[in-house]
Every structure is written in structure tokens, then in C-alpha cells.
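Since this is a predicted model, take the numbers as computed values, not measurements. Convention: sequence-line order gives letters A, B, ...; per-chain numbering from 1.
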Number of protein chains: 2
Amino acid sequence: MDMKPVLRPPTITDVAEAAGVSPMTVSRVLNGRGGAGEETRRRVLEAARALSYRPNTFAKSLKNDRSNTVGIVVPDIVNPFFPEIIRGAELVARPAGYTLLSCNVVEDPEREEEVLGMLLDKRVDGLIICSARLDEERLLRAIAPHRAVVLINRAAAKRHAGTIEVDYRAGVEAVVMQLIAQGRTRFGFAAGPSSSHGGRKRREGIEAALARHGLSLVFDLPCTPDLQGGAEIAARFLPEAARIDAMICYNDLIALGMMRPLAQAGVSVPGDIAIVGCDDIPASSLVSPALTTLRIAKQDLGEMAMRMLLDRIAGRNAQQGIVIEPDLILRATTPALG
Amino acid sequence: MDMKPVLRPPTITDVAEAAGVSPMTVSRVLNGRGGAGEETRRRVLEAARALSYRPNTFAKSLKNDRSNTVGIVVPDIVNPFFPEIIRGAELVARPAGYTLLSCNVVEDPEREEEVLGMLLDKRVDGLIICSARLDEERLLRAIAPHRAVVLINRAAAKRHAGTIEVDYRAGVEAVVMQLIAQGRTRFGFAAGPSSSHGGRKRREGIEAALARHGLSLVFDLPCTPDLQGGAEIAARFLPEAARIDAMICYNDLIALGMMRPLAQAGVSVPGDIAIVGCDDIPASSLVSPALTTLRIAKQDLGEMAMRMLLDRIAGRNAQQGIVIEPDLILRATTPALG
DNA sequence: GGAAGGTACGTTATCGTTATCTCAATTAGG
DNA sequence: CCTAATTGAGATAACGATAACGTACCTTCC
């Protein structure tokens with residue numbers, strides 16, 4: 001039988017006793033504060049090692065009111081767009097000594113509010129919110145008590161948070177111009193969740209670009225930002241599919257989700273309808289026809305956001321707002337007509 | 001100017017003063033312990049609300065040695081297999097009052113060890129480890145100090161943890177039998193990371209099934225479990241591609257990653273080589289030809305694991321080990337030979 | 001009427017760590 | 001050799017919440 005009854009983990013006092021010094025001395029040694037003799041230092045280190053001592057983070061955090069934890073809130077962790085952002089953020093956070101607490105709110109504003117409260121309880125030192133779904137007022141109230149906040153794709157409230165925004169407006173304008181140059185004139189928009197700020201930006205860009213050519217949107221349909229949502233949109237506009245020759249989608253998942261239903265209904269992509277997505281998730285280059293999309297440097301985005309957050313935690317509010325440009329990746333769903 | 005200098009958050013003492021009672025009474029009221037007069041109760045609740053009081057979790061956790069946090073460790077959050085498991089786990093954890101701390105270790109054993117230590121520091125009440133990459137001894141040492149552990153796809157150490165295992169062995173045996181029935185005889189195996197326990201199970205199943213027909217593996221190549229890994233494998237065996245007529249892959253990402261290189265080299269799938277993946281990630285049904293795969297109920301898996309963990313935290317070690325069966329999903333990459 | 005029990009609260013001590021102060025021992029300078 | 005500076009290390013007191021214990025005061029019933 002193994003003699004390890006999983007007792008109480010050792011405390012700083014246990015280490016102190018083992019080393020024959022006071023707890024305070026152990027604290028000094030372990031935190032490299034100096035003021036400890038060489039011999040004492042060695043004894044303390046040895047005792048700590050022997051007992052596998054690990055400082056109690058609760059006690060530490062209680063004392064100095066810092067958790068060394070930061071949060072990141074995403075609408076849906078299953079959407080491939082977000083894990084890459086999380087990874088980027090984590091890549092920066094960990095070397096800086098921070099633990100990343102990632103929370104997904106399954107596209108639900110109530111849940112988002114709840115999660116922000118939970119992060120407050122956990123006393124995170126700061127947090128990143130991706131694509132907040134809360135309305136302006138509730139968002140402001142929810143972030144107010146937090147010590148440092150960075151918003152991704154939610155430029156509002158610059159006074160209370162750092163912001164990083166993808167310039168969707170410019171991105172979709174490029175998309176529309178490209179499609180028009182290819183002879184497309186009748187546009188649909190699969191708009192994603194109506195609570196999305198990024199969705200509104202995309203609509204603005206599309207409408208502005210279309211207006212310059214005297215055109216306007218034929219369809220403007222909201223949907224959930226996933227494969228399912230794309231399939232539902234397809235089902236809804238299929239009866240009138242002939243009215244459009246181009247479909248711009250809120251994200252790649254929606255675009256991919258509509259491709260099979262269209263094919264099954266005999267609508268050819270890109271023959272009858274060109275399709276453009278957004279995000280450039282890995283699947284988009286694997287399907288046939290491969291999906292034209294706006295690429296966003298997701299991991300970079302996460303890294304930038306985390307760097308900005310750490311700056312803010314440290315009290316350096318240098319960069320208040322950053323805008324990043326998406327890249328138009330032309331693939332098979334948008335060939336020149338011919 | 002808004003008058004909110006983000007002071008120190010209110011403590012239980014502040015609430016007590018505001019309500020004209022002692023901190024202990026506030027504690028009793030807020031925790032529904034009873035032993036408080038109706039009028040007093042109302043005053044306390046009102047004061048707490050007015051101050052937006054939120055109990056300090058550090059103090060609470062320090063006192064009762066519980067964090068109400070559980071961890072989940074995955075090899076790579078960008079691999080679509082894992083976010084669904086995380087979502088399942090979270091779905092069960094949150095209603096039970098637990099916060100889920102998800103950590104990804106980017107396929108690195110060192111990092112895995114480090115993360116398990118970090119979770120120990122955070123005093124998680126328990127944790128789920130998905131597809132541990134650590135060897136037996138280090139894994140045991142790393143989980144020993146934890147209060148409750150559930151291992152996914154790592155049956156070892158049943159004495160020290162609950163386990164949930166996908167029966168890959170049976171799954172791939174079904175795959176091999178199906179392929180042999182379709183006339184395939186020369187098999188390759190894209191084996192994934194050599195540190196993966198699930199990978200070894202898959203190999204065992206394949207070899208057992210092949211042996212029953214007097215066959216054996218032509219290729220057995222390790223690779224990273226992502227699209228990149230699949231592309232690399234393809235590059236490696238392409239010169240000798242004619243030696244096989246079926247390729248079984250550790251996961252769908254690897255399978256998808258090799259499809260384009262094969263097509264570009266003029267190797268037809270499934271004409272020349274049938275391909276089978278594992279996991280059934282969403283992309284697998286979207287590509288052409290659609291990928292035959294072993295479907296795993298990922299979200300269910302996460303939910304089961306979390307239920308098992310919560311049981312163990314509560315001291316109920318009912319289910320010690322669960323085995324779940326994958327489903328063979330036949331698609332276009334494995335048609336009957338004609 | 002007084003012992004027994006109940007209710008509503010307050011006091012004290014504690015969880016593990018560390019900032020601050022204190023004191024003792026050592027060393028340096030004159 | 002004695003004072004002043006320097007260094008090593010302990011004692012104390014928080015941080016915020018709460019378990020355990022105390023203490024009033026009020027019922028209730030023989």
C-alpha cells in the first residue's frame with residue numbers, strides 16, 4: 001500500500017520548521033527579496049524542495065489583491081475562429097506569468113453578463129472580450145468594475161477599454177468591388193447574429209460599395225454564425241435563388257454551411273452564385289470549390305490583444321485602439337465570369 | 001466626469017456597517033444559513049445590493065480550501081476535436097456551480113507537466129485530462145497530488161483516476177474489415193504523435209484485423225495530429241504511393257491534410273487509395289470526396305467526463321471506467337471498388 | 001418562578017502569505 | 001575599543017470570509 005494519505009499540502013510554516021527558520025524568512029528566500037544569508041537560503045530551498053512546497057495562491061492573492069489570472073471571453077469556442085485567438089493570447093500571457101481563463105458564452109448575452117460577473121468574482125487582473133454580444137449600456141456596466149479590459153471588434157467605449165478592431169468595412173468593400181469587376185450585380189448578405197457589431201460593419205461596407213455602383217442588397221438575412229445557420233439561410237433563399245448572383249457571408253462557417261444545400265438544389269457555385277466568407281478558417285481551403293474569404297490573422301489578433309491587456313494592467317495605456325486589415329483571399333467560389 | 005474612481009471593492013465588513021450588523025450576520029444571511037431575523041435579513045440584503053457586494057473568492061477559498069474550479073487539459077485547443085469536449089464539460093460544470101479552467105498544452109509533454117502544476121497552484125477541486133501525452137510514470141506523479149482526476153483516453157492508473165476511453169481498437173477493426181470487404185489489401189497508417197496512447201490502440205486494432213487476413217501494415221508513419229502533419233505524411237509516402245490502396249489516419253485533420261497533396265500528385269482518392277479518418281470533425285463531411293471516419297460523440301464525452309469528475313469530487317466513485325464505442329461513418333473516400 | 005431550551009446576534013480565532021517594524025549580530029571606521 | 005552602519009532574521013498585523021463559540025434575551029412549561 002502506498003503511504004500517501006494526501007494530507008494537507010505543506011504550508012510556508014511547514015517549510016520554515018523543516019528549515020529551522022521563521023516563515024518570513026522562507027517567504028523572503030522564495031520570492032528572491034534578498035536579505036537572507038547564503039547558508040540559510042540553501043536550507044530553505046532544500047526544505048521547500050523536499051516537501052514539494054507550493055505557495056497557496058489564495059493566500060497570496062488575498063494579501064496582494066492580484067490573481068495573476070486574465071480572462072478571455074468568446075461567443076463560441078467551437079467556432080474555429082476563436083480557438084486560434086485564444087491560443088495567441090495564451091502564448092503571450094503565460095511567459096508573462098499569467099494564467100488564462102477562457103470562457104465561452106455560447107452566443108448568449110445573458111450568459112455573457114453572467115460570465116463577466118464570474119470573472120469579477122475570480123478577481124481576474126484583466127480580461128479580453130471577443131465580439132461582445134451585449135448592447136452598449138449593459139456592456140459598459142459589465143466592464144466598469146474590471147481593472148483592465150480589451151475589446152476585440154467592439155470599438156465603443158474607448159474611454160474604458162483598449163480596442164482592437166478588424167476593418168471589416170474596408171474588407172467587404174474590397175470584396176464587393178472584386179465581385180462587381182467580375183460582373184456580379186445582384187448581392188445577398190448572410191448577416192450572422194443581429195447582435196454582432198462586426199456584422200453591422202460588414203453591412204455598412206457592402207452597402208457603401210454597392211451604392212457607389214447604384215446597387216443595393218437583394219437579400220439581407222440574419223442567422224446563427226455556424227454551419228447550421230448557413231444551411232438555414234440556404235433553405236430560406238433557395239426558392240428565390242435566381243434573384244442573386246453573389247452571396248457575402250458573415251463568416252466562413254455560414255458560407256460552408258450553405259454550399260451543400262445549394263448544390264443539392266442544383267444551384268451552381270460559382271456558376272450561378274459566387275460565395276464569399278470571412279475569417280479564413282482551415283476548412284475553407286479544403287472544400288471544393290474552395291472558398292473565397294477575408295483572411296484575418298487570428299493568432300496575431302490574440303497576441304496583440306493580450307499584449308495590450310498586459311500593458312493596461314501595468315498601467316501603460318499606450319495603444320488605445322488598433323485597427324487591423326483583413327486580406328482578401330481569392331479562391332474558386334469567385335472566379336471571373338466567362 | 002464620472003465619479004467612479006474604482007475604489008477597493010466592498011468587503012463583508014462594509015456591508016455589515018451599512019446594515020448596522022456584524023460581518024458574521026451578513027455571512028449568515030448571504031449564505032442562507034438561517035439564524036437571522038426577518039427585518040435584519042432584509043436590511044443586509046438591501047445593503048449588499050446597494051454596494052454591489054461580491055464575496056471575495058480568495059478569502060472564501062482560503063478558508064474552506066475549495067476553489068469551485070475544475071480544470072480540463074487538452075493537447076491542442078485549435079484541433080476541432082477538443083473544443084466540443086470542452087463545451088460538453090462546461091455544460092455540466094457550470095450548473096453545478098463550477099468554473100471550468102481550460103488549458104491547452106500544444107502537444108508538449110513538458111508543458112503538460114507545467115500546466116498540471118499550475119492547476120495544483122490554483123487549487124482546482126479536480127481536473128480532466130484529455131489524451132495525456134506524458135509517460136506513465138510522470139503522469140502518475142503529476143496527478144497524485146490532485147484531489148480528483150478523470151482521464152480521457154488513458155486507461156492506465158485506474159486506481160488513481162476515473163477513466164473514459166474511446167474503443168479505438170474496435171473502431172479501427174471495423175474500418176479494416178470494411179476496407180478488406182471492399183477489396184483493399186495494402187494498408188498504410190498515419191499514426192499521429194508517438195506519445196499518444198490512443199494511437200497505440202489504433203495500431204493494435206489495425207494489426208489485429210489485418211493479421212486475421214494474413215496481412216500487415218505497409219506503412220506506419222508518425223506525424224503531428226494536424227493538417228500540416230497530414231501534408232507531411234503525404235509528401236513522405238507519395239514516391240511509393242502505389243504500394244498501398246488504403247490509408248487509415250490517426251485523425252481527420254491528418255486525413256484532410258493529405259488529400260490535396262495526393263490529388264496534386266495525380267493519386268486518386270478513393271480510386272487509387274481509400275482514406276479513413278477519425279473523430280468526425282465538421283470539415284470531414286464538407287470536403288469532396290467526403291471523408292469516411294470514426295465518429296466520436298465529442299460533446300457527450302465531455303459531459304460524461306465532467307459528471308464523473310463531479311462524482312469523484314463529491315466522494316462518489318461509482319463509475320470507475322467507461323468505454324465508449326465510435327461509429328463508423330462511411331462516406332466517399334471509401335467506396336466499394338468497382 | 002425558575003430551570004431548560006430556543007433565537008438572534010456578536011467575538012474570537014483561523015486559513016497561508018507577506019509588508020512592516022523590530023531587534024540582534026556583524027562589520028567598518030575612526 | 002567604541003559608535004555607526006549594515007545585514008540577517010523574527011514578531012506582528014493585516015488581507016476577507018467564516019466556523020466555533022458566547023452571550024444576551026425571550027419562551028415555555030412544570
Side-chain angles (χ1 to χ4, degrees), chain A residues 7-48 51-69 97 120-125 145 147, chain B residues 7-48 51-69 97 120-125 145 147:
Chain A
L7 295 160
R8 181 180 53 80
T11 73
I12 200 170
T13 310
D14 299 329
V15 178
E17 280 172 12
V21 297
S22 81
M24 198 53 238
T25 302
V26 177
S27 172
R28 273 187 286 249
V29 170
L30 263 34
N31 292 300
R33 290 255 185 298
E38 188 47 40
E39 159 63 8
T40 314
R41 204 182 108 80
R42 276 214 354 276
R43 282 217 317 281
V44 167
L45 254 24
E46 172 53 24
L51 295 175
S52 310
Y53 169 70
R54 286 173 163 272
N56 183 316
T57 33
F58 298 141
K60 212 168 195 162
S61 295
L62 178 58
K63 190 74 176 73
N64 45 236
D65 200 30
R66 302 188 86 250
S67 60
N68 282 302
T69 300
L120 195 58
D121 285 345
K122 291 264 180 250
R123 294 288 199 283
V124 291
D125 296 334
R147 309 225 259 280
Chain B
L7 295 161
R8 181 181 53 81
T11 74
I12 198 169
T13 309
D14 299 330
V15 177
E17 278 171 15
V21 297
S22 84
M24 197 56 233
T25 300
V26 176
S27 173
R28 272 188 285 249
V29 170
L30 262 34
N31 292 300
R33 290 254 185 297
E38 187 47 40
E39 159 64 9
T40 313
R41 205 181 108 79
R42 275 213 356 275
R43 281 215 318 280
V44 168
L45 255 25
E46 171 54 25
L51 295 175
S52 309
Y53 169 69
R54 286 176 163 271
N56 183 317
T57 35
F58 297 142
K60 217 168 191 160
S61 294
L62 178 59
K63 192 78 176 71
N64 46 234
D65 200 31
R66 303 190 85 251
S67 60
N68 283 302
T69 300
L120 196 57
D121 286 344
K122 291 267 181 244
R123 293 287 198 284
V124 291
D125 296 334
R147 307 225 260 280

side-chain contact (heavy atoms from CB on, under 4.5 Å) filter on Ser22(B), not counting sequence neighbours, yields Met24(B), Thr25(B)
Using whole Å, what does the distance between atom C1' of nucleotide dA17(D) and atom CZ of Arg33(B) come to?
11 Å
Going by the rule salt bridge (charged side-chain N to carboxylate O under 4.0 Å, His left out), which residues pair with Arg33(A) if we only count those two or more places apart in sequence or in a different chain?
none
Interatomic distance where CG belongs to Asp65(A) and C1' belongs to dT18(C) [whole Å]
14 Å
Find every protein N or O atom lying less than 3.5 Å from an N or O atom of nucleotides 7-9 of chain C, and list the pairs.
| unit_1 | atom_1 | unit_2 | atom_2 | d |
| --- | --- | --- | --- | --- |
| dC9(C) | OP1 | Thr40(B) | OG1 | 2.4 |
| dC9(C) | OP2 | Gly37(B) | N | 2.2 |
| dC9(C) | OP2 | Thr40(B) | OG1 | 3.0 |

Starting from the first five and the last five pairs of the helix from dG1(C)-dC30(D) to dG30(C)-dC1(D), work out the angle between the resulting helix axes, to 10 degrees.
50°
Salt bridge (charged side-chain N to carboxylate O under 4.0 Å, His left out) filter on Glu17(A), not counting sequence neighbours, yields none
With Asn68(A) via side-chain contact (heavy atoms from CB on, under 4.5 Å) - residues at least two apart
Arg66(A), Tyr98(A), Asp125(A)
Those residues at least two apart in sequence (or on a different chain) that pass side-chain hydrogen bond (donor to acceptor under 3.5 Å, both in side chains) with Asp65(A) are none
Separation of Lys60(B) NZ from Ser67(B) OG (nearest 0.5 Å):
13.0 Å
Asp14(A) CG - dT17(C) C1' separation (whole Å):
13 Å
For Leu45(A), the side-chain contact (heavy atoms from CB on, under 4.5 Å) test, sequence neighbours excluded, returns Val29(A), Leu30(A), Arg41(A)
Please name all residues satisfying side-chain hydrogen bond (donor to acceptor under 3.5 Å, both in side chains) with Asn64(B), sequence neighbours left out, ordered by chain then number.
none
Salt bridge (charged side-chain N to carboxylate O under 4.0 Å, His left out) partners of Arg28(A), counting only residues at least two apart
none
Could you list the residues that satisfy side-chain contact (heavy atoms from CB on, under 4.5 Å) with Ile12(B), not counting sequence neighbours?
Pro23(B), Val26(B), Ser27(B), Tyr53(B)
Considering only nitrogen or oxygen atoms on both sides, find all protein atoms under 3.5 Å from nucleotides 12-16 of chain D and state each distance.
| unit_1 | atom_1 | unit_2 | atom_2 | d |
| --- | --- | --- | --- | --- |
| dG16(D) | N2 | Ala59(B) | O | 3.4 |

